[in-house]
Number of protein chains: 2
Amino acid sequence: MSQTVDTLLKLRELILNGELAPGQRVSELTMVDRLGVSRTPVRAALVRLESEGLLEPLAQGGHAVARFTEQDLRDAIEVRGVLEGLAANFAARRGAESQALDALRACVDAIDAALGADAPILERFSQYVALNERFHGYIVDLAGSPLLKRQLARASALPFASPSGFVMAQAATPEAMAVLATAQAQHRAVLEAIEDRDGGRAEAVMREHARLAHQNLRRALRNRAAMGQLRGAALIDFETT
Amino acid sequence: MSQTVDTLLKLRELILNGELAPGQRVSELTMVDRLGVSRTPVRAALVRLESEGLLEPLAQGGHAVARFTEQDLRDAIEVRGVLEGLAANFAARRGAESQALDALRACVDAIDAALGADAPILERFSQYVALNERFHGYIVDLAGSPLLKRQLARASALPFASPSGFVMAQAATPEAMAVLATAQAQHRAVLEAIEDRDGGRAEAVMREHARLAHQNLRRALRNRAAMGQLRGAALIDFETT
DNA sequence: TAAGAACCCCCTGTATACAGGATGTCTCGA
DNA sequence: TCGAGACATCCTGTATACAGGGGGTTCTTA
């Protein structure tokens, strides 16, 4: 693996794990010492992470770890929602070629199976997360727009904005399975709408589907312990309530 | 001005003006010779332009000028549409503080004045473009979401996706003033919806407003001469019709 | 003449040296 | 004791040297 990619991965991990505090300056030389590569790959990684939104540029030059408010989380979810809604709309209108649509159908069936399986909650949850990621991936592929795909990737780069961001954070709550069942009902509805070439319905349901994350966020906030499960939770600034 | 910023600006200009052909490799050393700076700023500019979508990464390393299909243009417009729709929705729901809303009102009034003025068509058009940019800027500011603002900036980075991208391209057509009048009616409707705190209406109208660009695109395509007016037209690959 | 191999050149990835600017601290004087 | 000035330090911006890899071209041989 190239130094640049390696550095990017490690640095992203440091930020997401909270080993670098939000607002803290991230100097190139510090990271050179810490990661054992030269300034060049570090520099490249910093620029990249800035464009991902995990770092923000400092006025006097250099970068600092980004800091997010609860409002930002909600906005990020909403932004992903409209983009995924558009993707579902495209998928429906552009008519899936049968084989790709088959994969989507199989995916939804697999989620049913995973939820119904007689396995420990945590295992069912992690299976759900994997399949859910796949579902969302299929939708954006079916949309057939590289441009939209790029934009959506950007919107989901912030971990708490991604489709499965909050799922694991509430595996321990009592309503856990019920929320997953609701989500799965929406998956089916989206699939149905795409099969019917009903772009409007596909978009509306998909957008509503994203809003489940709002509920999950609220629930996680009520139970701060669950926030520990949320990747990137360290970046959230709670004091501005 | 720093070398990096300067290089970024110049390189972006070269691409948009079509001096670098779509698909063409952009090697660092070539640009070093052409722009008279060292590899470091060139490198930084290349990474930046890749994240803007104007360059695409090559599998074997390096970058090439991006190439867009007509479908891409339509998708880009639609993506901007949903994001601006969301921004209008936020603006309406989060209730504008009076002073910011006043600025929006003044802007819409100014567009009325510009359209009604007794000036040459071209002058009225360029005034419209400036005020239109301002209107769209106010909307995203009123939305009060730095995250959405960033995402929208990204979506409008491609020149033909920006709010005024196609306006100048059709200043010469007979329907020119009529299109502007339609657009202005929508501006008023959005303003009204925001004043009424009607997020749904604001969003719907704003999204429809973006779709005017679709019409403008069609009209420009019918009249290839007009495409010359379109910034970044050189990047469009027409053969894949 | 054709095919294969070797060679050369171009290009990126990586490291590092150097300069200029901002910041913070220490010391000296009032 | 407080303030101001000078100095040291840290950090980024910039240039450039070096290495390794890939592709094209040319030369040689069958």
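So that the names make sense, note that chain A is the first sequence line, chain B the second, and so on, each numbered from 1.
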**Q.** Side-chain donor-acceptor contact under 3.5 Å, A/E84 with A/H136
**A.** yes
Q: Remember a base hit wins even if backbone is also touched, and classify B/S2 as base, sugar-phosphate or nothing at under 4.0 Å, heavy atoms.
A: sugar-phosphate
(Q) Over all strands shown, is A/Q3 touching base, sugar-phosphate only, or nothing at heavy-atom distances under 4.0 angstrom? (A) sugar-phosphate
Could you state the atom-to-atom distance from [atom1] of [X] to [atom2] of [N] in whole Å?
X	N	atom1	atom2	result
B/H63	C/dG13	NE2	C1'	12 Å
B/E28	C/dT14	CD	P	12 Å
B/L58	C/dG13	CG	P	10 Å
A/D33	D/dC10	CG	P	11 Å
A/M31	D/dT12	CE	C1'	15 Å
A/R25	D/dT9	CZ	C1'	13 Å
B/L29	D/dT16	CG	C1'	11 Å
A/Q60	D/dG13	CD	C1'	14 Å

Q | CZ/A/R154: more than 12 non-hydrogen atoms of other groups inside 6.0 Å | A | yes
Q. Is B/Q99 atom CD crowded by more than 12 heavy atoms from other residues, nucleotides or ligands, each under 6.0 Å away?
A. no
[N] phosphate, OP1 or OP2, under 4.0 Å from [X] side-chain N/O:
X	N	result
A/S38	C/dA15	yes
B/S27	C/dC10	no
B/R43	C/dG13	yes

Q. For the residue pair A/H187 and A/F135, does the interplanar ring angle fall in the parallel (under 30°), tilted (30 to 60°) or perpendicular (over 60°) class?
A. tilted
Q) Can any side-chain N or O of B/R150 pair as donor or acceptor with the backbone N or O of A/S51 at less than 3.5 Å? A) yes
Q: Map B/G61 and A/P41 onto DNA chain C by nearest heavy atom, then report which one ends up closer to the 5' terminus.
A: B/G61
(Q) Ignoring hydrogens and geometry beyond distance, is the side chain of B/R39 in donor-acceptor contact with the base of C/dG13 at under 3.5 Å? (A) yes
